[in-house]
There are 2 protein chains.
Amino acid sequence: MASAEKRTGNVVVPEPTLRRLPLYHRFLKLLPMEQAVSCTRIGAELGLDPTQVRKDVEFTGIVGRPKVGYLVFDLVKAIERFLGWDNLSEAFLVGAGSLGAALLGYGKFEAYGMKIVAAFDADEHKVGTQVHGKLVLSMGELVDLAERMHVPIGIITVPAAVAQEVAEMMVAGGMQAIWNFAPVQLNVPKDVIVRNEDLYCSLAALSQKLAQKELRKERPSYVAE
Amino acid sequence: MASAEKRTGNVVVPEPTLRRLPLYHRFLKLLPMEQAVSCTRIGAELGLDPTQVRKDVEFTGIVGRPKVGYLVFDLVKAIERFLGWDNLSEAFLVGAGSLGAALLGYGKFEAYGMKIVAAFDADEHKVGTQVHGKLVLSMGELVDLAERMHVPIGIITVPAAVAQEVAEMMVAGGMQAIWNFAPVQLNVPKDVIVRNEDLYCSLAALSQKLAQKELRKERPSYVAE
DNA sequence: TAGATTGTTAATCGATTAACAATC
DNA sequence: TAGATTGTTAATCGATTAACAATC
């Protein structure tokens with residue numbers, strides 16, 4: 001990695017790396033903080049190639065010691081800083097249905113850089129109530145509040161049909177990132193970060209592999225036609 | 001693609017392809033079934049490279065007509081067959097907490113090849129009740145019922161601490177695939193399909209990009225040090 | 001026929017894996 | 001010192017993108 005990139009932090013990090021780093025973090029938290037750990041160890045523990053672990057870890061900018069590895073404490077902190085977990089970003093959740101409620105109850109998001117500060121719902125019966133300790137506000141307040149409070153993250157847990165509309169309100173409120181749980185492709189300005197959590201797409205991967213497995217069972221691949 | 005592979009269906013399909021096919025399917029469902037559609041059109045609509053769409057579509061085994069494209073109806077069916085959405089697989093959901101309840105309420109999974117037939121929970125107060133029309137059964141019945149009913153899919157929505165234990169019960173019951181929502185790496189025999197839906201890992205990607213974006217705002221990349 | 005699109009092969013790009021010198 | 005591990009460069013692998021002939 002070029003050192004200029006390292007210093008500015010302006011590097012495009014591969015998605016797979018971004019998804020593995022939290023895994024390392026989770027494993028490291030089980031270890032004594034003052035201990036040293038090697039990429040070999042992490043890889044062995046998680047069933048990953050040690051070289052891959054090293055590459056991933058390199059992105060955090062940490063410098064290790066040959067033969068020794070990294071101090072668990074330092075590596076944990078490096079990952080946290082790199083993933084932006086050290087400074088908490090506030091989030092609004094829109095759609096206090098059952099999925100929304102589940103997320104509001106997650107609780108541990110605060111350890112991962114995000115704090116859900118309020119929920120919004122179109123159902124006026126829900127407005128004013130609390131879900132897992134979070135107040136449900138009226139949709140009418142979303143844009144204005146997001147703008148005034150500078151809330152950077154919007155979480156969409158509304159039905160697909162109204163997701164685009166909600167996304168537009170979030171953009172209007174100046175939100176920087178959208179975590180979208182509705183099964184639709186959102187159309188937003190390209191400087192807005194969108195992360196789709198489309199369970200139907202995820203299920204598809206599982207479903208296809210299962211179907212292939214069943215197929216193989218009936219008709220093993222080594223059998224000629 | 002070699003034709004032998006095409007006929008047997010024993011091809012390793014790239015994950016990205018598997019995640020895009022449902023997107024095409026969703027778009028196609030909005031179109032008149034008797035109409036024709038080209039990969040160019042699909043790509044333009046979803047903001048994807050048309051060649052990539054063609055490659056993905058090729059995996060389903062469908063044959064198109066130059067200049068015309070594919071009949072929407074045929075392509076929809078080809079995707080459904082390929083992803084295994086045409087024959088419904090049964091699933092047990094374990095952990096009737098708020099996330100479990102949200103999934104039980106999803107409803108549309110049946111259109112995507114999976115039918116949740118029952119839920120299980122360790123809390124005896126929940127046993128016997130219904131969540132979104134699904135009966136909650138006792139954990140003690142899980143292994144035996146999975147085995148006798150040949151339920152191939154297990155959904156884990158229990159706390160991280162007990163997820164491994166639940167996974168082992170699912171394996172013991174002969175389950176083929178596990179959709180894991182608990183934030184832990186499961187240790188199961190390698191012939192069991194595992195799909196992790198780790199929200200903390202997902203959040204990490206969003207969080208890191210947001211942190212980088214904030215950083216760029218403060219200190220634009222074209223500024224020399 | 002002309003032009004658009006499929007099907008297929010080749011080139012590019014990026015991520016993973018391998019190799020190896022530097023180092024503690 | 002010997003051996004393990006880092007840091008770094010090269011090779012491999014797989015997915016994306018480009019090119020182009022076949023075809024309707």
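First the proteins, then the strands, lettered A, B, ... as listed; each starts at 1.
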Original post:
Of the options A:K108, A:R26, A:R19, which is the one that meets B:D198 in a salt bridge (charged side-chain N to carboxylate O under 4.0 Å, His left out)?
Top reply: A:R26

Original post:
D:dA15 phosphate, OP1 or OP2: any side-chain N/O from B:R19 under 4.0 angstrom?
Top reply: no

Subject >> Any B:R54 side-chain N or O less than 4.0 Å from OP1/OP2 of C:dT6 >> reply: yes

Can [X] and [Y] be counted as an ion pair, charged N to O under 4.0 angstrom?
| X | Y | answer |
| --- | --- | --- |
| A:D56 | A:R20 | yes |
| B:K209 | A:E15 | yes |
| B:E90 | B:K115 | no |

What is the distance, rounded to the nearest whole Å, between atom [atom1] of [X] and atom [atom2] of [N]?
| X | N | atom1 | atom2 | result |
| --- | --- | --- | --- | --- |
| A:E15 | D:dT16 | CD | C1' | 16 Å |
| B:L18 | D:dA15 | CG | C1' | 14 Å |
| B:Q52 | C:dT12 | CD | C1' | 14 Å |
| B:I62 | C:dG7 | CD1 | C1' | 13 Å |
| B:E58 | D:dT17 | CD | C1' | 14 Å |
| A:F59 | D:dT6 | CZ | C1' | 16 Å |
| B:R20 | D:dT17 | CZ | C1' | 12 Å |

**OP:** Name the residue closer to the 5' end of DNA chain C, choosing between B:K67 and A:T51 according to the nucleotide with the nearest heavy atom.
**Re:** B:K67

Original post:
With sugar-phosphate meaning primed atoms plus P, OP1 and OP2, does A:R41 contact a base, only sugar-phosphate, or nothing at under 4.0 Å between heavy atoms?
Top reply: nothing

**OP:** Have a look at B:P16 and say if it touches a base, only the backbone sugar-phosphate, or nothing, with a 4.0 Å heavy-atom cut-off.
**Re:** sugar-phosphate

Original post:
For the atom pair CZ (A:F181) and CG (A:L93), what is the distance rounded to the nearest 0.5 Å?
Top reply: 8.5 Å

Subject >> Verdict with supporting geometry, A:L186 and A:Q164, side chain to side chain contact (heavy atoms under 4.5 Å, CB included) >> reply: CA-CA 6 Å; A:L186 299 177; A:Q164 177 61 39; 4.1 Å; yes

Subject >> Heavy-atom donor-acceptor pair, B:K55 side-chain to C:dT9 base, under 3.5 Å >> reply: yes

**OP:** Kindly write out the residues that satisfy side chain to side chain contact (heavy atoms under 4.5 Å, CB included) with B:A101, not counting sequence neighbours, or none if the list is empty.
**Re:** B:V131

Among [options], find the nucleotide with the atom closest to the side chain of [X].
| X | options | result |
| --- | --- | --- |
| A:P66 | C:dG7, C:dA22, D:dT16 | C:dA22 |
| B:Y70 | D:dG7, C:dG7, D:dT5 | C:dG7 |
| B:R65 | D:dT17, D:dT6, D:dC24 | D:dC24 |

Original post:
In what stems does DNA chain D take part, counting only runs of at least 3 consecutive Watson-Crick or G-U pairs whose two distances fall under 3.5 Å?
Top reply: C:3-24 with D:3-24

